[in-house]
Amino acid sequence: MSDIRIQGLAKSYGEVAAVKGIDLAVERGEFVTLLGPSGSGKTTTLRMVAGLEQPDHGTVEVGGTVMNGAGVNVPAHRRNMGMVFQSYAVWPHKTVYDNVVFPLRMKRVGRGEQRARVERMLAMVGLPHEEYGRRFPAQLSGGQQQRVALARALVADPQVILYDEPLSNLDAKLRDSMRLLLRSIHDELGVTALYVTHDQLEAMVLSDRVCVMNHGEIVQQGAPRDLYERPSDLFVAEFIGQANVLPILEAHPRDGVFQVAEGIAIKVPEANRRNAARPQKLVIRHHQIRLHGAAAPGAERDNIFGAVVRHAMYLGDRVRYTLEITAGCTLTAEVVAEAGLPEPGATVWIELPGASCIVI
Amino acid sequence: MPARSAVLLSAFAPRLWSWGLLGAVALLVLAPLGALFYGAVRSHAPGSRRATWTLENLQAVYGGLFESGWAQSATINSITVALPVTLIACALGVFLAWAVTRTDMWGRRLFEIAFLLPMLYSPLVGVIGWSVLADPQAGLLNYLWKAATGAEHSLVNVYSYTGIVWVMVLYFVPYAFILNVGTFRAMDPALEEAAAISGANLWQRLLKITFPIMLGSTAAAALFIFTLALEQFAIPGFLGSHIRFDTLAYAIYLRTNAYPADLPGAAAAGTLLLVLAAIGLYWYRRLTRRAERFVTVTARGYKPALTPLGKLRPVLFALCVLLFLAGVAIPLAAVTLRALIPVRTTGLGLGALSLANFSQLFEAEDILLGLRNSVYLAAGAATVCAALGLLLGFRVVRRKGRETAATDYLVAMPIGIPGTVFGVGMLWAYVGTPLYLTIWILLLAFVTRYLVYGVRTLGAGMMQVDRTLEEAATVAGASPLRTFVFVNLPLLRPVIASTWLIVFMIVMREVSASVILYGVNSVTLPVLTWSYLVDGSYGIASALAILQMLIVAAIVVVFRWAFGVDVKTRSTD
Amino acid sequence: MSKTDFAAPATGRVAGGPHDPGRRDFLGRAAALAVGLSAGLAGRETAAAAADVETINVNDRLIEAAKREGSLTVRYSSPVDEMRAMGGAFQARFGVKVQMDRKVGVLGSQQFATEERAGQHVMDLNYSADPAGIRDLAEEGYYLRYTLADLDKKLDKGTYLPGLGYSPKWTEIVISYNPDHIPHVQAKQMFKTWRGLLDPKLKGRIGLNEPAGGGVPFATFLMFYRRPEYGRKFLEQVAAQNPRLYPGSAPGREDLAAGAISVFIPNWESIAMVHFLKGDKTAWTYPEIAPAFANTYLAISRRAPHPNTARLFAAWFFTPEGARAMQNVQARPTLKGVPDERAVIARLKQTDWWQPYPEKIRWVPDVNDWDENYDKLMPDMRRVLGWKR
């Protein structure tokens with residue numbers, strides 16, 4: 001049974017349509033991420049689920065109760081949700097304890113129970129009450145403040161928890177540990193979660209399912225791996241992971257051969273052709289291009305081309321190459337750094353494995 | 001040469017500048033204040049041959065606090081007026097600021113301008129308006145009430161404690177509004193949203209989250225209003241004498257004005273007001289000791305997330321309309337009506353409306369002189385206050401040090417004493433200089449008195465400019481001066497403009513210090529209004545007040561058009 | 001200031017002629033330099049001033065000297081209209097620009113004192129109702145000791161501060177009422193004496209100018225205190241009527257016209273006449289006894305920057321010509337033997353309620369009593385009326 005069910009949800013600000021009729025269902029206990037660039041409508045969608053914005057059209061149901069629908073608009077404070085904000089939104093005039101206990105007070109939970117639940121939550125987010133409970137937010141680091149916000153969002157057993165880019169204000173190292181914390185808490189409590197981010201890595205690590213949004217619509221949704229390996233849409237392909245996108249000059253669908261530059265035709269298996277009728281682009285991820293060095297590989301393999309190394313950029317564990325196949329056709333490839341890799345100016349053989357190429 | 005001077009500048013300039021500025025400000029402020037303190041311990045006005053050292057004046061004021069008498073009753077009255085006025089005005093101001101910035105109420109933009117209208121006119125407009133409206137015998141409201149209900153007793157009486165508080169509250173609401181509206185805009189809306197998600201309804205959110213977080217800025221506004229309410233003499237003076245209600249400020253005014261004059265006594269009582277204002281400052285500092293627990297103004301702009309009011313929407317709108325009518329529209333209409341009645345008669349006398357008062361106004365030659373002087377003074381004081389405020393605010397915010405803290409305290413002192421007493425201090429301090437009786441002494445008085453607006457507003461604005469922007473310019477090779485001119489100034493443009501406008505509007509209506517310092521050729525519009533009023537020419541005084549309001553409004557509109565900025569903080573939507 | 005400005009010989013005072021204070025200033029300063037203390041200067045001058053009283057007469061030489069000075073600065077606190085008319089008449093007659101600097105209440109005297117102490121000689125003449133202030137500052141040597149030629153023939157005693165200030169107009173106290181509340185006939189009956197104020201119907205409907213409001217209220221309350229048939233007790237009874245107190249007479253007149261109060265005291269006839277001419281519907285009546293006094297004095301600064309004009313201005317209002325100028329603002333001149341030619345009289349005669357001022361009711365306050373007991377009586381009066389001071 002779905003815990004969150006969104007149908008035909010739409011919202012405009014004046015002339016600008018922020019969200020254009022979204023359908024989405026989130027199962028109980030599922031962790032779903034709305035992923036997209038800024039202005040894609042993901043935050044607006046989340047805020048409508050929270051009750052902070054009113055949709056123009058469509059329905060929102062949570063736990064079988066209609067929150068937004070014909071003549072219905074349950075205000076935010078009666079939706080029984082938790083939410084973690086990008087700016088933490090920890091109240092500066094309240095101690096850590098008072099921040100976290102607030103939702104329980106609003107629910108008129110008994111005093112003894114309040115204390116027990118706040119202490120349990122604080123322990124869970126790694127801010128033991130004895131040490132942190134009486135501190136004020138200004139005495140905490142950004143990461144600690146966000147943990148307080150997390151504890152506050154979860155303490156009252158919400159039906160769902162909503163995350164609005166909670167990690168984007170933290171530095172990279174903190175972000176890693178917070179991601180782990182978020183996921184482990186989710187695994188432990190199993191609260192249905194809707195998460196908004198523009199960081200595809202975050203979405204990959206955290207989510208059971210990712211919905212990629214663009215221009216107010218969900219363009220593709222699926223398990224992180226599916227999205228990465230089988231983007232059905234050029235936007236998704238480009239947004240998730242890094243990919244070479246080559247224009248298709250001539251398509252020969254019958255042979256599965258697509259010409260992307262003068263004299264460069266690439267063979268793509270049927271399963272990877274998303275847009276068989278009017279193929280436009282050929283996509284291959286950076287790390288899926290193989291380098292074979294100066295020696296030509298066996299003739300039985302497809303999609304082998306000679307190329308000149310234009311640049312090589314050392315990224316520590318990997319090396320990023322700019323390779324020119326012919327004039328005007330340049331590819332980016334990433335390979336694991338090891339001894340004997342070609343230097344700039346060298347001529348190499350490269351392979352674009354058909355199973356890794358996607359035609360869109 | 002340039003290289004050497006640059007080295008010198010960077011090595012010594014900051015401290016030298018700080019101390020130089022401090023010295024200049026100290027001189028500016030301490031001259032009139034010092035003269036006052038000196039006057040308070042003299043038996044006669046300073047300079048008089050009979051004047052001797054004495055503690056009698058101070059004894060009469062401070063000793064008088066502990067025994068029944070004028071000092072005690074006037075002090076008690078001052079506080080019993082200033083406290084509720086401060087609380088109510090702040091409550092209303094915060095409420096209006098919230099309604100206008102944070103809700104989806106109808107007509108928010110319009111209200112934001114409408115509620116600032118009283119900033120354009122003198123407190124005497126409220127006094128005239130409410131006398132016409134709410135006189136227990138002859139007030140228009142009471143006429144209507146009696147006619148409508150057949151009641152024998154009148155409905156409202158402005159000559160009462162409640163009346164005084166009412167008129168003063170209406171006068172100070174715009175201050176509370178303007179001082180809080182910016183903080184509401186700067187406050188992260190997620191703080192409120194987090195409370196909503198946590199299950200708090202609108203009232204719980206306001207009471208437990210929004211207002212407590214706003215406390216810092218509200219307390220600052222409250223301190224400001226408390227100080228101004230203590231020193232305001234015109235409203236309690238005009239409305240309180242019927243019921244023998246005396247406030248310190250009015251008692252001081254009488255000492256400078258009635259027979260026999262007692263300037264040393266006035267100076268001594270003036271120091272008591274400074275003490276009361278200092279007590280206010282002490283409580284404010286205690287309350288806001290932990291500044292970080294209140295809203296911190298960050299450089300980033302927030303998307304305006306408006307609280308949906310739902311069913312409360314018409315209620316709030318009606319409340320705002322009511323407040324606007326009661327606080328602005330109706331008293332203004334009453335003053336306009338009075339301006340159109342050449343001679344007051346029993347009843348409404350609507351048949352005799354004419355523009356005679358206005359035409360009489362223009363027959364007197366001094367009105368153009370007064371207008372010119374007022375505009376010059378207001379523009380001059382606004383410019384100097386903004387410029388000095390920029391320099392001082394920059395020091396106070398960016399360079400922490402004892403001398404900058406001292407500057408910050410110093411500039412706040414001159415608004416703590418009544419305008420009349422301040423005027424006397426200026427008179428004593430500068431009478432021997434060539435500035436005396438020229439327009440320049442007025443300019444000096446206004447700059448000294450209102451510098452605090454420049455320092456505080458621009459200081460707050462400076463805090464919002466991310467320091468890294470300055471550092472980026474410095475790293476790029478810009479000298480401190482160039483950084484200031486090309487980075488800070490453009491970023492601060494809206495704050496500078498709004499500071500300028502506030503000082504301009506306040507000087508345009510200043511009367512209490514001007515009345516003491518003006519000369520034949522430096523008469524100002526408010527002084528003329530005051531003269532007509534004291535003379536009993538209520539119609540002409542009303543006409544002049546209306547005219548002045550229109551002129552200031554026109555200037556504000558032109559300024560806004562030219563600089564694209566208004567007194568209101570700019571909204572992000 | 002160049003010497004050619006002055007028509008008088010350098011030896012100084014000549015009765016009836018213009019005077020050369022510039023010369024005496026110079027001598028005074030020289031003396032002060034010799035002593036080395038400015039206090040010495042002031043002391044000498046006070047002594048000298050007390051001994052010598054200059055007599056001013058309006059003659060061609062004074063007029064010529066005044067015209068050469070070209071302007072005059074008068075400080076005043078009286079009604080704007082009155083001062084404007086006086087200045088305008090003087091300017092029209094002599095072609096000398098009169099700058100009128102209004103300082104309400106005692107501010108004018110205080111400012112003058114502060115200026116003189118600092119050596120700023122700005123003001124020529126003070127048209128002031130603050131006799132105590134004038135006397136105080138004269139003692140410090142800031143006011144010119146002067147008298148008018150033929151003083152006894154011109155003025156009644158009690159209309160001037162001998163040697164210091166001369167009042168060009170009478171202030172005659174009347175009881176003003178709003179005929180919409182009290183019809184004329186009834187008012188005349190009711191206020192045959194001041195006791196009419198005690199009528200229970202007037203409770204809460206009386207306006208009083210408060211004692212600190214100036215000479216007019218003080219003189220009136222002084223009369224109550226001094227007349228055995230009234231006494232301090234009478235003011236107490238008036239206070240029990242719960243009157244409104246006004247800090248000045250202007251708001252009282254405004255409220256009377258509006259019908260906020262039914263009676264306003266003390267008002268004075270010339271200002272009531274001015275308002276009558278403007279269309280004010282309120283009226284006034286005369287009780288059996290009422291203060292009549294002349295206490296708005298023309299006092300001349302000893303170091304007036306325009307000494308001849310100042311003298312001319314002060315003396316001219318005690319000529320028939322000047323007196324007529326006073327009549328133009330409906331003021332009754334103090335100058336004896338001037339027929340009442342005020343324009344307002346003709347208009348008032350057409351009403352059914354006005355009657356000429358009955359001379360027999362005139363009560364002229366004792367200036368010495370006023371002066372000596374002001375500081376004691378004023379706070380007492382305020383106390384009686386309910387103030388804490």
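Each chain gets a letter, A, B and so on, in the order its sequence line appears, and its residues count up from 1.
Interface remark: Arg117(C) contributes side-chain atoms only to the contact with chain B (heavy atom separation under 4.5 Å). Heavy-atom distances place the side chain of Tyr159(B), and not its backbone, under 4.5 Å from chain C. Neither the backbone nor the side chain of Asn142(B) comes within less than 4.5 Å of any heavy atom of chain C. Residue Thr433(B) touches chain C through its backbone alone, counting heavy-atom pairs closer than 4.5 Å. Both the backbone and the side chain of Val80(C) have a heavy atom closer than 4.5 Å to some heavy atom of chain B. Contact of Leu263(B) with chain C is made through the side chain alone, with heavy-atom distances under 4.5 Å. The parts of Pro136(B) that come within reach of chain C are both its backbone and its side chain, each placing non-hydrogen atoms under 4.5 angstrom from that chain. Neither the backbone nor the side chain of Pro211(C) comes within contact range of chain B; no heavy atoms are under 4.5 Å apart. In this structure, chain B has heavy atoms under 4.5 Å from both the backbone and the side chain of Asp136(C). For Ala113(C), no part lies under 4.5 angstrom from a heavy atom of chain B. Using a 4.5 Å cut-off between heavy atoms, Gln111(C) touches chain B through backbone and side chain atoms alike. Only the side chain of Thr73(C) comes within less than 4.5 Å of a heavy atom of chain B; its backbone N, CA, C and O stay farther away. Only the side chain of Asp180(C) comes within contact range of chain B, with heavy atoms under 4.5 Å apart. Only the backbone of Leu533(B) comes within contact range of chain C, with at least one heavy atom under 4.5 Å from a heavy atom of that chain.
Judged by distance alone, the side chains of Glu82(C) and Tyr127(C) do bring a donor and an acceptor atom under 3.5 Å apart.
Going from atom CG of Leu528(B) over to atom CG of Leu361(B) covers 8.5 Å, rounded to the nearest 0.5 Å.
When each of Val527(B), Val523(B), Ile516(B) is checked for heavy-atom pairs under 4.5 Å with chain C, Ile516(B) comes out on top.
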